[in-house]
Amino acid sequence: MFLEPKPRSPLYSKVMLRVRFAPSPTGFLHVGSARTFIFNWLYARHNGGTVVLRLDDTDVERNTDASVNSIFDGLRWLDLGWDEEYKQSERLALHRQIADAIFQKGLAYRDFTPAHTGDSEKSGANQTWLFNPGMRELSRAESDRRAAAGESFALRFRVPRGTGEQVRFTDAVYGEQIKSAADIEDFALLRSDGMPTYHLASCADDIDLRISHIIRGQDHLSNTYKHVLIFEGAGAKPPQFAHLPLLVAPDGSKLSKRRHGPVVSVTTYRDAGFLPEAFINFLCLLGWSPKDDREKMTRQELIDAFSLEGINRANAVINFKENLKEPAATLPATSPDETFDSKAVWLNAEHIRGLSIDDLSVRLLPIVHGAGFPIAPEKMHAITPLIRERIKLLRDVLTAADFFFVDDDQLPPYDPAELIPQKGDAAMALKVLTRAREVLAQTEFKHDPLDQALRAAAQAMGVKAGQMFQPIRVAVCGRKNAPPLFETLQVLGREITLARIDQAIEKLEGCASASPKSPLSS
RNA sequence: GGCGCUAUCGUCUAGGGGUUAGGACGGAAGAUUCUCAAUCUUCAAACCCGGGUUCGAUUCCCGGUAGCGCUACCA
């Protein structure tokens, strides 16, 4: 409809398109990683490919189970699924095998220089570092002798040093990329404890898993030259690369749990009441565009529209407010809409409005139950249409429909002055409520009869309809801003309505005796 | 420091040698309504700077600036 269907040649379907999402379990699943996963997933689904999930857990020092759980929690919530799953730590033999193959070809060498502590970035990073002196030139015999003697070493890639030597690849997003080999250092393949580095493990697995397209964050763009070297060194054809612009904080800095707090964690969005489809929709619009003016898109529309050509090259700001830094645990309690990017919230509201009553009420129920209100599904179903256009996040149900959940006498306290209608006074409020009580005692609790009876009563008393409705609204809802009155009364039922009007009348009488002056008595 | 990537309203973006530079969120004002919300209308708001190419650059090229990334036996 919006885009021409993608032509599929018979040949095309034979191409094994395989993408991978390879998070390292060293922190929580953050929004940037989620977006990378989503883009990979969309690309695969658009083209009929396979999605591989691979835990890049070679950094034993920093891996945590909590992180693994966070990643799976977040991915499961997204509800997109994946086709194959691997753990990098279980594939060490493969990594070493490929490292050895590269070494045997003479494309890597042992570096016996003791590991230097990475902390001293000052001294080292200011100079152009290419390789540790002496190690590159070590003869194979000498190298073997020292290794056999038990000397520990790192294995380094022997980056070509011929003049004019270049490494190149074509990025699907950033285009032709060329770098002089003279600017690439002899990076490590194996650490001195024999463990593979990220570069080696990642490429070895990509080769073995036959990954055809690597779609990942732009922070890897410069690393890609090394990866091309590894692929070629291992005798494999490098896959197609596509680097994604980074998601950054409002101040332009990279997203960090420490600096920006829970707003960067995917589960925060889940807990705040985002719909996964809305969250996905939002993330897709950061750094990618369907090139038409669509904003709200369903999962299927995203699949149909997605292409690497639509990806932007500049970093995208995720415009959250940096107001909630410390307490991750208390966030849902405070959870102001204003914490999140306004477009994310708006999109969520759009998606909520697009849900059927059945669907929305089923999603709302656990939240209401979780807050300690044992509401029956049928009742939730009746309440849902009254709040569907009034909530932006699912959790808003707790504030938007609170008066439906509590018992008749458990309404949160409100100021009796709220009961006084526009251009009226306490006496009018009292009069109106008293009359309303009589009318409501004998009117059928359905929208139309309630509407007619209350309007008629207002007219008979010579007050405006609004002056009659407002006191009733405050009496039953406990506040001025609430869903439409008649629908609300219908769901609440006669018993609770009358009880709450009685309570309101009591409040008013209490006030009247306290302040005897009532200027308007008519 | 070295190498690289990027630059359109506050934010996400469309566009592209000649346009009133389009849309969306957010903001402001108004309409509607029993309040709120939703909806509708209107308004404010942008091509980083300097050169060049050109009849004409926001668009192409170069430089500057700024931001970001990489520069680890982290990923």
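In what follows, every chain begins at residue 1, and chains take the letters A, B, ... in the order their sequences are listed.
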* Asked: For B:C34, what is the paired nucleotide under Watson-Crick or G-U wobble rules, both distances under 3.5 Å?
  -> none

* **B:U6 OP1/OP2 closer than 4.0 Å to side-chain N/O of A:R313** => yes

* Asked: So, A:R54 side chain and A:Q88 main chain: donor-acceptor pair closer than 3.5 Å or not?
  -> no

* Asked: Can you check whether A:F340 and A:F274 have ring centres sitting under 6.0 Å from each other?
  -> yes

* Asked: If you find the nucleotide of RNA chain B closest to A:D183 and the one closest to A:A465, which residue's nucleotide is nearer the 5' end?
  -> A:D183

* To do: Between B:C74, B:C34, B:U35, spot the one nearest the side chain of A:N481, thanks.
  => B:U35

* **Rounded distance in Å between the P positions of B:C60 and B:A14** => 14 Å

* Asked: Which whole-number value in Å describes the distance from A:F486 CZ to B:C36 P?
  -> 15 Å

* With heavy atoms under 4.0 Å as the rule, sort A:P23 into base, sugar-phosphate or nothing. => nothing

* Asked: Looking across every strand, which nucleic acid part, if any, lies under 4.0 Å from A:F153 by heavy atom: base, sugar-phosphate, or nothing?
  -> nothing

* Quick one: does NZ or CZ of A:K480 land under 6.0 Å from the six-membered ring centre of A:Y414, within 45 degrees of the ring axis? -> no

* **Protein-nucleotide distance (A:R455, atom CZ; B:U33, atom C1'), rounded to Å** => 10 Å

* Structure fact -> To the nearest 0.5 Å, atom CG of A:L355 lies from atom CD of A:E350 at 11.5 Å

* Asked: Is the closest basic N to carboxylate O distance between A:D292 and A:R294 below 4.0 Å?
  -> yes

* Asked: Counting only Watson-Crick or G-U wobble pairs whose two distances fall under 3.5 Å, which nucleotide matches B:A57?
  -> none

* Between A:R110 and A:E151, does at least one N-O distance fall below 4.0 Å, as a salt bridge requires? -> no

* Give the nucleotide from the list B:C70, B:C25, B:C34 with an atom nearest to the side chain of A:L485. => B:C34

* Structure fact -> NE2 (A:H199) and NE2 (A:H227) are apart, to the nearest 0.5 Å, by 5.0 Å

* Checking all strands, does A:P114 fall into the base, sugar-phosphate, or nothing category for heavy-atom contacts under 4.0 angstrom? -> base

* Structure fact -> Re B:A45: Watson-Crick or G-U wobble partner, both distances kept under 3.5 Å, found to be none

* Inter-nucleotide P distance (B:G23, B:G15), Å rounded -> 15 Å

* Structure fact -> A:K179 NZ to B:U71 P, in whole Å, measures 10 Å

* To do: Give the nucleotide from the list B:C73, B:U13, B:C36 with an atom nearest to the side chain of A:S289.
  => B:U13

* Asked: If only side-chain N and O atoms of A:R353 are considered, is one of them under 4.0 Å from the OP1 or OP2 phosphate oxygen of B:U39?
  -> yes

* Asked: Looking only at atom P, what distance separates B:G22 and B:A44, rounded to whole Å?
  -> 11 Å

* Asked: To the nearest 0.5 Å, how far apart are CZ in A:F320 and NE2 in A:H260?
  -> 5.0 Å

* Structure fact -> From the candidates B:C73, B:G22, B:C5, the one with an atom nearest any side-chain atom of A:R156 is B:C73

* What does B:U6 pair with, Watson-Crick or G-U, if both distances are under 3.5 Å? -> B:A66

* To the nearest Å, give me how far apart CZ (A:R390) and C1' (B:U39) are. => 12 Å

* What is the nucleic acid contact for A:K254, judged by heavy atoms within less than 4.0 Å: base, sugar-phosphate only, or nothing? -> sugar-phosphate

* For A:T58, report the nucleic acid contact type (base, sugar-phosphate, nothing); a contact means any heavy atom under 4.0 Å. => sugar-phosphate

* Any-strand Watson-Crick or G-U partner of B:G26, both distances under 3.5 Å -> none

* Rounded to the nearest angstrom, tell me the gap between atom CZ in A:F469 and atom P in B:C36. => 15 Å

* Whom does B:A21 pair with, Watson-Crick or G-U wobble, provided both distances fall under 3.5 Å? -> none

* Nearest-angstrom distance, P atom, B:A21 to B:A29 -> 28 Å

Protein and nucleotides 8-12 of chain B: nitrogen or oxygen contacts under 3.5 angstrom:
residue: B:U11; atom: O4'; partner: A:N319; partner atom: ND2; Å: 3.4
residue: B:C12; atom: OP1; partner: A:V317; partner atom: N; Å: 2.9
residue: B:C12; atom: O2'; partner: A:L285; partner atom: O; Å: 2.6
residue: B:C12; atom: O2; partner: A:K343; partner atom: NZ; Å: 3.3

* With sugar-phosphate meaning primed atoms plus P, OP1 and OP2, does A:H199 contact a base, only sugar-phosphate, or nothing at under 4.0 Å between heavy atoms? -> base

* Asked: Taking atom C1' in both B:G63 and B:G16, what distance in whole Å separates the two?
  -> 23 Å

* Asked: Counting any heavy atom closer than 4.0 Å, what does A:E350 reach on the DNA or RNA strands: base, sugar-phosphate only, or nothing?
  -> sugar-phosphate

* To do: May I ask you to say what A:S192 touches in the nucleic acid, namely base, sugar-phosphate or nothing, with a heavy-atom cut-off under 4.0 Å?
  => base

* Asked: Is there a side-chain contact between A:L454 and A:F486 (heavy atoms, below 4.5 Å)?
  -> yes

* Could you check whether A:P245 gets within reach of a base, just the sugar-phosphate, or nothing at all, counting any heavy atom under 4.0 Å? => nothing

* **Euclidean distance for C1', B:C9 against B:U71 (whole angstrom)** => 36 Å

* Asked: Quick one: is B:A14 close enough that its OP1 or OP2 comes under 4.0 Å of any side-chain N or O from A:K291?
  -> yes

* Asked: Say you pick atom C1' in B:U8 and the same atom in B:U19; how far apart are they, in whole Å?
  -> 14 Å

* Asked: Side-chain donor or acceptor of A:R473 under 3.5 Å from a matching atom on the base of B:C34?
  -> yes

* Asked: Starting at CD of A:Q218 and ending at C1' of B:G4, how long is that distance when rounded to a whole Å?
  -> 9 Å

* In whole angstroms, how far is the C1' atom of B:A14 from the CD atom of A:E309? -> 16 Å

* **Mate of B:G16 where both pairing distances stay under 3.5 Å, Watson-Crick or G-U** => none

* Structure fact -> d(A:L450 CG, A:L440 CG) to nearest 0.5 Å is 6.5 Å

* Side chain of A:W346 (C-beta onward), nearest among B:C70, B:A24, B:C34 -> B:A24

* Asked: Taking the C1' atom of each, how far is B:G18 from B:U11, in whole Å?
  -> 30 Å

* Just how far, in rounded Å, is P of B:C3 from CG of A:L229? -> 19 Å

* To do: Find the partner of B:C74: check Watson-Crick (N1-N3 plus N6-O4 or O6-N4) and G-U wobble (N1-O2, O6-N3) distances, both under 3.5 Å, and reply none if neither fits.
  => none

* Which part of the nucleic acid does A:S24 contact within heavy-atom distance under 4.0 Å: base, sugar-phosphate only, or nothing? -> sugar-phosphate

* Structure fact -> Residue pair A:Q177/A:F187 against RNA chain B: nearer the 5' end by closest nucleotide is A:Q177

* Measure from the side chain of A:D219, starting at C-beta and using heavy atoms only, and say which of B:G15, B:C34, B:C70 lies closest. => B:C70

* **Beyond-backbone contact of A:L360 with A:L394, side-chain heavy atoms, under 4.5 angstrom** => yes

* To do: Please state whether the rings of A:H220 and A:Y198 are parallel, tilted or perpendicular, taking 30° and 60° as the class boundaries.
  => parallel

